[in-house]
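One structure below.
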Amino acid sequence: MPASARFLSPSEAARRLGVSTKALRLYEDKGLLAPPRSAAGWRVYGPGEIDKAREIAALRRLGFSLAEIARVLKGDSRERVAMLAAHQTAIKDRLKGLAATAMTLQALQSGHANTPALVAGDLMPHSSSGREPAIAFDLPWPWGGERFAIQDIKPLTYIIGPLGSGKTRLALRLAETLPNAAFLGLERVSDTAALRKGLAADPALRDRVEPILAQLAHHGAEMSDALTALAIGLAEEGPAFLVIDMIEQGLDEPTQHAVSAYLRARPPGTSPLFVLTRSHAILDLATTGEEEAIILCPANHSPPSLVAPFPGFPGYEAVASCLASPTVRARTEGVIAWRPGASGRSPA
């Protein structure tokens, strides 16, 4: 490293940039920064690293995920302008939604200042586009029949919430309501022998499962019965939507990271997935992209809601607090089997 250059320690660089040292390590882990090492082996940050980290931090403050930032940094000037414009459009859409919410709240204050109860219709969301929601249904217990709607279904939607929040009940209702949907329950982990027998008897299914396992291995997955069972569920033909209960069940940390990478790399047109999770290896808020959505089931049994993966947005901190170590396993008692339109009750 040039003797004339001023190199900073991680703590000095973090103070200058207004970020944490953990953020700098995250930038490095995601391949966005590559700080050199001192003679003693410590990370150091020179002018080039500081400038790049400052750009990353600025883009994060604008709401870009780390995956989006990687594409911005790698793109040429034309690609950068296009990505910035697309992000600006997405921000404007969110602002329209917030403005509509603010107007509704103002109207409620004016119209119901002396009224002990609000009219339910006053609180129903209205689409700025005038489109019907992709799915809408009455929520099961513990929400007592409140209405839930999703305007657009993303290729990958996470369902998250603490134990007892009702997230499994929400997932089951989604599987019942979505057309031609299937629910892949936790029994897949304990009933692997039957699944393997079925796999051996079905060459066509085996031909679909083996490429999935190969891709997962490429991403660093450790082969196991639990992973094979998950791959079989992903390879099943027929369901237009697949709802997966606690996708990390039975998988070690490297495999959970591999599953996350595989799900995000699925080609366009693949059946949308709804996955329940409490693992930060599966749901990495720092890298969540535009083709992903997050549904939070709050601990206080407030209605489930979509949460944007950006610090400061309503529900973000609650989602972050639900995410646990990849070693945490879901409870398996009272598991519910794979079947289209499954129904039942579960503790989660």
Side-chain angles (χ1 to χ4, degrees), residues 93-94 97 100-101 104 117-186 233 236 238-247 263 270-278 283 291-309 313-315 318-319 322 330 334-348:
D93 288 343
R94 294 191 194 109
T101 299
T104 300
L118 299 177
V119 178
D122 292 335
L123 298 175
M124 289 298 292
H126 299 283
S127 169
S128 59
S129 65
R131 293 182 292 115
E132 291 294 322
I135 182 172
F137 54 85
D138 293 337
L139 289 165
W141 184 91
W143 296 287
E146 295 189 61
R147 196 69 172 165
F148 179 75
I150 300 176
Q151 191 67 38
D152 298 296
I153 296 177
K154 299 291 188 179
L156 178 58
T157 299
Y158 306 95
I159 301 174
I160 186 166
L163 289 172
S165 63
K167 59 184 179 294
T168 303
R169 294 185 181 90
L170 174 65
L172 287 166
R173 183 56 58 88
L174 279 166
E176 292 171 345
T177 307
L178 287 164
N180 194 21
F183 184 87
L184 182 58
L186 295 182
E236 288 284 356
F241 300 90
L242 179 58
V243 184
I244 305 176
D245 194 2
M246 302 309 290
I247 195 168
L263 295 180
T270 310
S271 298
L273 295 179
F274 290 83
V275 299
L276 282 77
T277 185
R278 292 185 63 227
L283 172 52
E291 296 303 303
E292 301 164 62
I294 302 169
I295 299 175
L296 170 66
C297 294
N300 64 0
H301 291 155
S302 295
S305 62
L306 288 168
V307 176
F313 275 75
V319 169
C322 288
V335 296
I336 301 170
W338 157 294
R339 57 186 182 276
S343 61
R345 296 180 66 175
S346 168

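Remark: of the listed residues I153, L156, I247, L156 is the sole one forming a side chain to side chain contact (heavy atoms under 4.5 Å, CB included) with L273.
For the pair L184/V243, no side-chain contact is recorded, criterion being any heavy-atom separation below 4.5 Å from C-beta on. For the pair L306 and I294, the minimum side-chain heavy-atom distance is 4.5 Å or more. The shortest side-chain heavy-atom distance between L186 and M246 falls under the 4.5 Å cut-off. Between P304 and C297, some side-chain heavy-atom pair lies under the 4.5 Å cut-off.
One N or O on the side chain of S165 and one on the backbone of P162 form a donor-acceptor pair closer than 3.5 Å. In this structure, K167 contributes its side chain and G161 its backbone to a donor-acceptor pair below 3.5 Å. Remark: side-chain polar atoms of N180 are paired, donor with acceptor, to backbone N or O of G238 under 3.5 angstrom. Looking only at distances, no side-chain donor or acceptor of H301 sits under 3.5 Å from a matching main-chain atom of W141. Formation of a donor-acceptor pair under 3.5 Å by the T157 side chain with backbone atoms of V275 is not found in this model. A donor-acceptor contact shorter than 3.5 Å links the side chain of R173 to the backbone of D138.
Across all their heavy atoms, P272 and A240 have their closest contact at CD-O, 3.3 Å. The shortest non-hydrogen separation linking W143 to G166 is CH2-O, 3.2 Å. Residue A318 comes nearest to L296 through the heavy atom pair CB-CD2, 3.7 Å, listed as atom of the first residue, atom of the second, then distance. Between V307 and P314, the shortest heavy-atom contact is CG1-O, 3.6 Å. When all heavy atoms are compared, the tightest approach of P303 to E146 is CG-OE1, 3.2 Å. Between A171 and F183, the shortest heavy-atom contact is CB-CE1, 3.9 Å.
K154 NZ to E292 CD: the interatomic distance, rounded to the nearest 0.5 Å, is 10.0 Å. The structure places OG of S305 at 9.0 Å from CD1 of I295, a figure rounded to the nearest 0.5 Å. Annotation: the span from T168 atom OG1 to D245 atom CG amounts to 4.5 Å, rounded to 0.5 Å. Within the model, atoms CG of L174 and CD1 of I150 stand 5.5 Å from one another, a figure rounded to the nearest 0.5 Å. With rounding to the nearest 0.5 Å, the separation of CG in L170 from OG1 in T177 is 9.5 Å. To the nearest 0.5 Å, atom CG of residue L242 and atom OG of residue S271 are 8.0 Å apart.
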(request) Apply side-chain contact (heavy atoms from CB on, under 4.5 Å) to the pair L276 and Y158, showing each step before the final yes or no. (result) CA-CA 6 Å; L276 282 77; Y158 306 95; over 6 Å; no
